[in-house]
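Let me begin by presenting the structure, written as structure tokens, before commenting on it.
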Amino acid sequence: LHPQFDLVLGMVIDFMHCVLIGVVKALLVHWFSASKKYEKYSAHDKIAICDDHLMSIKVPRFVKRTPQSLTQFSNWKASELLSWLLCYSIPILKGVLDTNYYSHYCLLVVGLHILLGDKITQQSLDLAEHCLQQFYLKYSELYGIESTTMNVHLLSHLVMYTRAWGPLWTTSCFPLEGMNGVLRKHFHGTREIPLQLANNFAMLHLLPQLQYKQLTKTMMKGRIIYFDILHCIQI
């Protein structure tokens with residue numbers, strides 16, 4: 001590696017995988033999975049109530065995916081988990097989770113709301129750091145030490161990376177995942193995928209040039225015919 005490369009700050013945490021697919025989905029498992037229904041933090045018996053509230057939400061146009069049933073949360077995409085975290089979860093979970101668990105979860109939501117903002121002040125960064133540190137420190141007490149995964153630990157470092165690189169959305173994998181969807185349309189089957197991609201993108205690059213050449217050729221042919229007809233009329 002380059003001698004000036006900072007191995008810690010240079011490896012930015014991706015909030016899409018760490019927070020959404022990691023922590024948020026793990027919390028949904030704790031609360032609504034049948035395998036956890038006898039745990040003190042479980043809300044499995046109230047999933048129907050939460051589901052009714054979730055499915056009744058009329059989302060604005062900028063939300064690309066409408067809410068899916070909580071019974072299908074294991075299939076939720078990262079964008080759906082983001083909408084759940086920032087928009088739906090707080091009003092839906094109020095009165096459903098025990099007060100200690102609800103207050104604890106609010107720390108995560110407040111912290112992420114701040115770190116995903118367009119303009120973040122030093123004061124709000126300090127608040128986000130406090131919220132996420134408290135969420136991390138209390139997590140094992142509420143959900144067990146065995147549930148305190150690396151993703152949960154990384155929450156305590158998110159503010160450090162935000163100070164160094166800016167809001168979390170500037171370094172997330174969302175654009176890359178979106179480009180994966182574009183790439184997926186340009187190969188078929190499982191054989192020679194790199195060659196298929198190279199050929200298809202080369203073709204896409206050349207098509208405008210071929211179209212221009214064909215259009216130019218057609219126009220020139222039309223002009224020749226026009227002058228031939230004009231010459232005949234004059235004779």
Side-chain angles (χ1 to χ4, degrees), residues 14-117 124 127-128 130-156 158 168-169 172 174 177:
D14 168 43
F15 95 93
M16 187 187 82
H17 289 94
C18 170
V19 180
L20 302 179
I21 298 174
V23 178
V24 174
K25 185 164 279 192
L27 288 171
L28 288 169
V29 170
H30 286 315
W31 299 331
F32 300 119
S33 175
S35 62
K36 305 282 187 178
K37 65 181 179 181
Y38 297 115
E39 300 291 345
K40 58 184 178 180
Y41 47 71
S42 176
H44 183 263
D45 60 333
K46 299 176 183 177
I47 191 171
I49 297 173
C50 295
D51 219 26
D52 287 342
H53 291 159
L54 178 62
M55 302 306 292
S56 66
I57 293 175
K58 305 298 183 184
V59 299
R61 290 185 178 181
F62 65 80
V63 178
K64 295 181 180 180
R65 295 178 182 272
T66 55
Q68 287 194 69
S69 169
L70 277 167
T71 59
Q72 302 295 321
F73 74 81
S74 60
N75 298 323
W76 284 6
K77 303 292 185 182
S79 59
E80 294 171 291
L81 293 167
L82 179 62
S83 297
W84 165 261
L85 174 71
L86 299 182
C87 305
Y88 314 143
S89 60
I90 291 298
I92 289 175
L93 294 174
K94 188 174 183 179
V96 171
L97 294 181
D98 177 81
T99 303
N100 289 335
Y101 291 93
Y102 181 75
S103 299
H104 177 251
Y105 176 67
C106 287
L107 293 171
L108 176 66
V109 177
V110 171
L112 267 295
H113 258 292
I114 293 171
L115 299 186
L116 288 168
S124 60
L127 174 60
H130 171 76
C131 289
L132 293 176
Q133 286 287 351
Q134 289 301 306
F135 180 87
Y136 167 57
L137 292 173
K138 294 178 180 178
Y139 194 92
S140 59
E141 176 186 336
L142 295 173
Y143 295 99
I145 190 67
E146 68 282 355
S147 298
T148 311
T149 62
M150 178 57 72
N151 286 323
V152 177
H153 170 73
L154 289 175
L155 294 174
S156 63
L158 287 179
L168 297 180
W169 55 266
S172 83
F174 270 107
E177 292 288 335

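Positions are given from 1, in the same order as the sequence printed here.
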Less than 6.0 Å separating the ring centroids of Tyr101 and Tyr143?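 Yes, ring centres under 6.0 Å apart.
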Mind checking whether [X] and [Y] have side chains closer than 4.5 Å, heavy atoms only?
{"X": "Leu112", "Y": "Leu132", "value": "yes"}
{"X": "Trp31", "Y": "Val96", "value": "no"}
{"X": "Val59", "Y": "Tyr88", "value": "yes"}
{"X": "His113", "Y": "Leu86", "value": "yes"}
{"X": "Cys106", "Y": "Tyr102", "value": "yes"}
{"X": "Thr66", "Y": "Ile57", "value": "no"}
{"X": "Val19", "Y": "Asn151", "value": "no"}

What heavy-atom pair brings [X] and [Y] nearest, and what distance separates the two atoms?
{"X": "Cys50", "Y": "Ile92", "value": "CB-CG2, 3.7 Å"}
{"X": "Leu70", "Y": "Leu54", "value": "CG-CD2, 3.9 Å"}
{"X": "Leu81", "Y": "Val24", "value": "CD2-CG1, 4.1 Å"}
{"X": "Met55", "Y": "Pro67", "value": "CE-O, 3.6 Å"}
{"X": "Lys36", "Y": "Val29", "value": "CG-O, 3.6 Å"}
{"X": "Tyr136", "Y": "Val152", "value": "CD1-O, 3.6 Å"}

Can Asp14 and Ser172 be counted as having a side-chain donor-acceptor contact under 3.5 angstrom?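 No.
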What I want to check is whether the side chains of Ser147 and Tyr139 have a donor and an acceptor closer together than 3.5 Å.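 No.
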Reported [atom1]-to-[atom2] distance for the pair [X] and [Y], which is rounded to 0.5 angstrom:
{"X": "His153", "Y": "Cys18", "atom1": "NE2", "atom2": "SG", "value": "10.0 Å"}
{"X": "Asn100", "Y": "Lys40", "atom1": "CG", "atom2": "NZ", "value": "9.5 Å"}
{"X": "Phe32", "Y": "Lys37", "atom1": "CZ", "atom2": "NZ", "value": "15.5 Å"}
{"X": "Leu154", "Y": "His17", "atom1": "CG", "atom2": "NE2", "value": "13.5 Å"}
{"X": "Leu28", "Y": "Ile47", "atom1": "CG", "atom2": "CD1", "value": "9.0 Å"}
{"X": "Thr149", "Y": "Leu155", "atom1": "OG1", "atom2": "CG", "value": "8.5 Å"}

Using only atom types and a distance under 3.5 Å, with no angle test, would you say the side chain of Glu80 pairs donor to acceptor with the backbone of Lys77?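 At least one qualifying donor-acceptor pair exists.
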Are any side-chain N or O atoms of Ser89 and backbone N or O atoms of Trp84, one a donor and one an acceptor, separated by less than 3.5 Å?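 At least one qualifying donor-acceptor pair exists.
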If you draw a 6.0 Å radius around NE2 in His53, do more than 12 non-hydrogen atoms from other residues or ligands fall strictly inside?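 It does not: His53 NE2 has 12 such atoms or fewer within range.
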Under 6.0 Å from the NZ atom of Lys25, do we count more than 12 heavy atoms belonging to anything else shown?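 Above 12, so yes.
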Worked check of side chain to side chain contact (heavy atoms under 4.5 Å, CB included) between Phe15 and Phe174: CA-CA 9 Å; Phe15 95 93; Phe174 270 107; 3.8 Å; yes
Parallel, tilted or perpendicular: which one describes the rings of His30 and Tyr41, with boundaries at 30° and 60°?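 The arrangement is perpendicular - the two ring planes meet at more than 60°.
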